[in-house]
Each structure stands twice: as C-alpha cells, then as structure tokens.
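Order of the sequence lines fixes the chain letters, A, B, ..., with proteins taken first and strands second; residue numbering starts at 1 for each chain.
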Amino acid sequence: MASSFCSSIFMQAPISAKTTRFSLQKPVSIFNNRKTNLSFSLHRRSMPARLAVSCAVKQETVEKVSEIVKKQLSLTDDQKVTAGTKFTELGADSLDTVEIVMGLEEEFGITMAEERAKEIATVQQAAELIEELVQEKTA
Amino acid sequence: MAAPFTLRKIGVPPNSANLTEARRRVFDFFRAACRSIPTIMDIYNLQDIVAPSQLRYAISAQIRNNAHITDPKVIDLLIFKGMEELTDIVDHAKQRHHIIGQYVVGEGLVQNTGNKDQGKTDFLKNFYTSNYF
C-alpha cells in the first residue's frame, strides 16, 4: 500500500511538468492552478527521505542478503535465515560481519560509510540500508 | 557503479591506545583491502581464476591467523605490514604468479605454516629451544 502511494507521487510529477508549460493560456491556467497546487504540495511531501525509508523493504533484497550471508558463513540448508536473524546468532564474529558487509557492497555496487555499517546486526537492517543507498544512487 | 576506490598513502599514525582502537584499525584495513580487490583483479587478470569472494576469504583468513594477539602495538605492526603488502600489490610491484601462489586458495608456491606449532613432540620442542637436553 505504501509502495503504491510512492509510485503515485512519481506518476503525477511528470504530468505537472508538462502542464506548467501551458500556464499562460487562460482556460488551462484555472485548471492548472489546481494541478500546480496539488503538485507543489505533493512535491513538498515527497522531498523528505522519510518517505523512501517508510516503504517496505523488498523481498528480493532480503533474499539476496540472506544468500550472501549463507555463502559467507557456510551455513547448511536447514539453518533458517530470516529478516530478523542476527549475524551473531549464526555464528559470525565481528570480522565475519565486516566481510558480509563488503560482500553486500560488491553485490549491489554501493559503498557503505563505516558508521552506518557498524550498526548492522540483522538481515533486516542490512536490507534497509542497501535499499536506501541504491535509491540515493539512482535518484 | 560506485566511485572507484583509491588507496591513499598516509604517514604512520601514532600507536593505538587500546584494543578497541586497534580493532577499528584492523577493520579499516580489511575494508581498504576488500575495496581494492576490483583493481587487483584488473591489474593481474585474475577474472577467470578466482572470484572476489575467494580473495576476501583469503584476506580474512590471514587476519584470523593473528586473531589471538592482544597487544595493541603488535597489532599495529601487523597492520603496517599488511598495508605494505597491499600497497605493493596495488602498485603492481608484484607479479601474477606471486598473487596466485599466495592468495588464491590452494597449495600455493609457499607453504603456509599457519600458527607456528613448536613441534608436536617433547623431543622437537626441546630441540627447537636449545642444543643440550
């Protein structure tokens, strides 16, 4: 539901860009006023990064992360890796955690700052950070 | 693609005050090494031979080899030597067969003694320490 709201914002932004070009014509301007107001308020709401983070983490990101974690720690198939699993539960020490983070950097083509990477303790946090960085990169 | 990582040569920093700072330096060194891996694979044409994850494993294995050390100054020295090795590799001062022999997992050209076991028998232990026993 949250993701559809996100996509609806992006949908309306290009439309408002086209209509502003015709703002000089009278009949369109009345119609336009409503639309530009709407677009401005929407634009303001889409600015803060809060909106991007509040969108749910994609399942495929979580799966890719779990895949990398499994390979790194050489886990057997019956050891379940879910979104909430902590790396230390799976038998990883601090060096393993850093190595997992580096593996994720390589996989997704991002660079994580050291302070943020230190906070990562579960698969969920890693997936969230990755999504944030990927969105910043493509934005 | 993220901006390519360049290894910046900084002068020798002062010794770490405690184990926490030494630990932080170890991780910084590890991160620098891992981020240089794409460059290394490019320089020595290792694309067909080894995957980046294997190189990461080799680096972490070398670090884990010395994981039992608790003195921050010793850790600093080990990091310094590691940094020296990394700089040599990135500067193309080594050759392909060196990298393959030392870091691509396998028998290798150089026998890895690992943790130097001082001889499994008492005889050998005494032998290594002195001539007379």
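For Tyr103(B) and His98(B), the ring centers sit 6.0 Å or farther from each other.
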Steps toward salt bridge (charged side-chain N to carboxylate O under 4.0 Å, His left out) verdict (Glu67(A), Lys71(A)):
CA-CA 6 Å; Glu67(A) 193 54 47; Lys71(A) 223 178 16 163; over 6 Å; no
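Both the backbone and the side chain of Arg35(B) come within contact range of chain A, judged by heavy atoms closer than 4.5 Å. Residue Glu99(A) touches chain B through both its backbone and its side chain, counting heavy-atom pairs closer than 4.5 Å. Asp93(A) touches chain B through its side chain: at least one heavy atom from C-beta onward sits under 4.5 Å away, while N, CA, C and O do not. For Glu105(A), the part lying near chain B is the side chain, with the backbone staying farther off; criterion is any non-hydrogen pair under 4.5 Å.
Side-chain contact between Ile130(A) and Met112(A) is present, with heavy atoms from C-beta onward closer than 4.5 Å. Arg25(B) is not listed as a side-chain neighbour of Ile75(B), based on a closest heavy-atom distance of 4.5 Å or more.
Heavy-atom pairs under 4.5 Å with chain A peak, among Ala67(B), Ser53(B), Ser60(B), at Ser60(B). Chosen from Ile68(A), Val98(A), Leu95(A), the residue pairing most often with chain B at heavy-atom distances under 4.5 Å is Leu95(A).
Summarising the geometry, atom NE2 belonging to His92(B) is positioned 9.0 Å from atom CD1 belonging to Ile99(B); distances are rounded to the nearest 0.5 Å.
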